[in-house]
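Here the structure is laid out as structure tokens; the discussion comes afterwards.
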Amino acid sequence: MVRWGIIGLGRIADSEIAPAISASPQGVLHGVVSRDQGRADAFAQRHGAARALTSFDELLAEPAVDAVYIATPNALHADQVVAAARAGKQVLCDKPLALSVADARRAIAACEEAGVKLGITFQTRFHDNFSRFRELIQDGSLGEIRVVQVEMSSGRTLLKGWRTDPALAGLGTINNIGVHAFDLIRYLLGTEVTEVTALTGHEEGLAPETLALVLLRYGTDVLAYVNVNQSVAYPQADITVYGTKGRVVGRSCTRMNMSGTLAIVSEAGETTLETASYDAYKSAVMAFEQAITAGREPSPSGLDGLRSVELTTAIAESLSEGRTMAVTASLR
């Protein structure tokens with residue numbers, strides 16, 4: 001049994017993570033933390049947590065807590081991961097792991113030193129049949145991959161709260177949504193991004209971007225185009241992967257709580273697989289719990305979180321300098 005604590009009682013913690021813990025045969029929610037005692041009490045009552053606290057340190061001192069889920073503003077993640085690791089807690093951190101490469105490395109080092117697991121909620125990996133999608137790419141069924149196109153959007157849901165503050169959020173829709181697209185491409189291809197170019201769009205009165213168009217090169221041969229935004233109505237949630245021997249076209253499949261299809265065209269013929277993302281967070285939580293009990297590295301891991309921060313750092317540099325930036329993965 002994995003006994004959980006949650007800090008940061010926002011929408012995803014409430015609608016996805018806490019229910020996923022409750023639904024897992026291995027998990028139980030023990031304690032929750034909010035700066036507002038009333039909010040903590042209400043959350044604990046909704047989800048059956050034994051403790052409702054206003055202090056993260058108090059949660060970390062609880063012997064009954066084995067693992068923590070961190071869903072606070074982005075700028076707080078690294079320090080809270082370090083604190084949890086030093087308290088001997090396993091850590092599942094919402095993306096991004098940190099707002100700088102140095103802080104991401106520091107968070108990973110703290111978990112390694114403490115001998116605890118570090119996972120990141122890139123739940124898009126757990127959409128139905130995406131593991132099969134990955135197999136098709138990596139077993140050569142599509143030939144050599146040449147182009148990937150991804151669109152992810154929450155619709156016209158403009159930034160609000162702490163997400164409008166660059167000091168707390170870092171980037172805007174790129175950190176909110178785009179990091180899932182980038183991790184998905186990396187997961188499917190099994191290779192690293194080497195260079196990136198980005199353009200962004202902004203809404204009046206908001207500092208962080210609400211629209212990003214990003215071009216990426218993965219390995220030496222694969223080019224990718226990503227459109228992530230929170231600014232348009234009725235967006236598509238699609239992905240297309242083109243190879244020299246076939247393609248996969250995914251419709252209504254890149255965002256959470258959707259049903260869609262993966263249409264495969266190759267030398268073997270045409271096949272359509274159903275895909276859905278209703279249980280993606282549950283699958284992500286259960287996979288992390290299984291990694292803990294089996295003593296293996298989680299997927300997505302802290303290293304996956306570091307790779308994401310390295311990429312978003314290069315994207316920010318591309319935006320600042322107006323040019324294509326090389327992305328160099330650290331040796332760890």
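Values below: all heavy atoms of this structure, side chains included; hydrogens, waters and symmetry mates excluded. We're numbering straight along the sequence, starting at 1.
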More than 12 heavy atoms from other groups under 6.0 Å of CD on E321: yes

Distance-only donor-acceptor check, side chains N229 and T173, under 3.5 Å: no

Pairs satisfying salt bridge (charged side-chain N to carboxylate O under 4.0 Å, His left out), at least one member in residues 60-79, at least two apart: R3-D66, R51-E62, D79-R106

Where A52 and Q37 come nearest, the two heavy atoms and their spacing: O-NE2, 3.0 Å

Separation of I177 CD1 from L211 CG (nearest 0.5 Å): 10.5 Å

D139 versus S141, side-chain donor and acceptor atoms under 3.5 Å: yes

Distance in Å, T197 OG1 paired with Y225 OH, rounded so as to fall on 0.5 Å steps: 13.5 Å

Backbone of A18 reached by a side-chain donor or acceptor of S22 within 3.5 Å: yes

T244 (side chain) donor-acceptor with E144 (main chain) under 3.5 angstrom: yes

Distance, nearest 0.5 Å, that separates CD of E289 from CG of L92: 9.5 Å

Spatial distance of atom CG (L223) from atom OH (Y242) [nearest 0.5 Å]: 13.5 Å

Heavy atoms of other groups near R134 CZ, more than 12 under 6.0 Å: yes

Between Q45 and D41: side-chain donor-acceptor atoms closer than 3.5 Å: no

Sidechain-backbone polar pair: R125 side chain, Y187 backbone, donor-acceptor under 3.5 Å: no

Salt bridge (Lys or Arg N to Asp or Glu O under 4.0 Å) against R86, all qualifying residues, sequence neighbours excluded: none

Modelled atom types, side-chain donor and acceptor of E16 and N257, under 3.5 Å: yes

Reference residue L262; test side chain to side chain contact (heavy atoms under 4.5 Å, CB included); the match among L136, N129, D128: N129

Matching residue for I108 among L97, V82, V81, D103 - test: side chain to side chain contact (heavy atoms under 4.5 Å, CB included): L97

Same cluster (ILVMFWY, side-chain, under 4.5 Å), V91 and L53: yes

Gap separating the CG atom of L216 from the CD1 atom of I315, nearest 0.5 angstrom: 6.0 Å

Pair listing, ring-ring contact (aromatic ring centres under 6.0 Å, His included) test, anchored in residues 10-68, at least two apart: F43-H47

Residues, nucleotides or ligands: over 12 heavy atoms within 6.0 Å of R35 CZ: no

Between CG on residue L184 and OG1 on residue T254, distance to nearest 0.5 Å: 8.0 Å

Minimum-distance pair of heavy atoms, taken over all atoms of L99 and A167: CD1-O, 4.0 Å

Closest approach of K95 to N74 (non-hydrogen atoms, all atoms of both residues): O-OD1, 3.9 Å

Geometric class of the F122/H180 ring pair [parallel <30°, tilted 30-60°, perpendicular >60°]: perpendicular

T272 side chain vs A263 backbone, donor-acceptor pair below 3.5 Å: no

N/O donor-acceptor pair under 3.5 Å between T210 side chain and S231 backbone: no

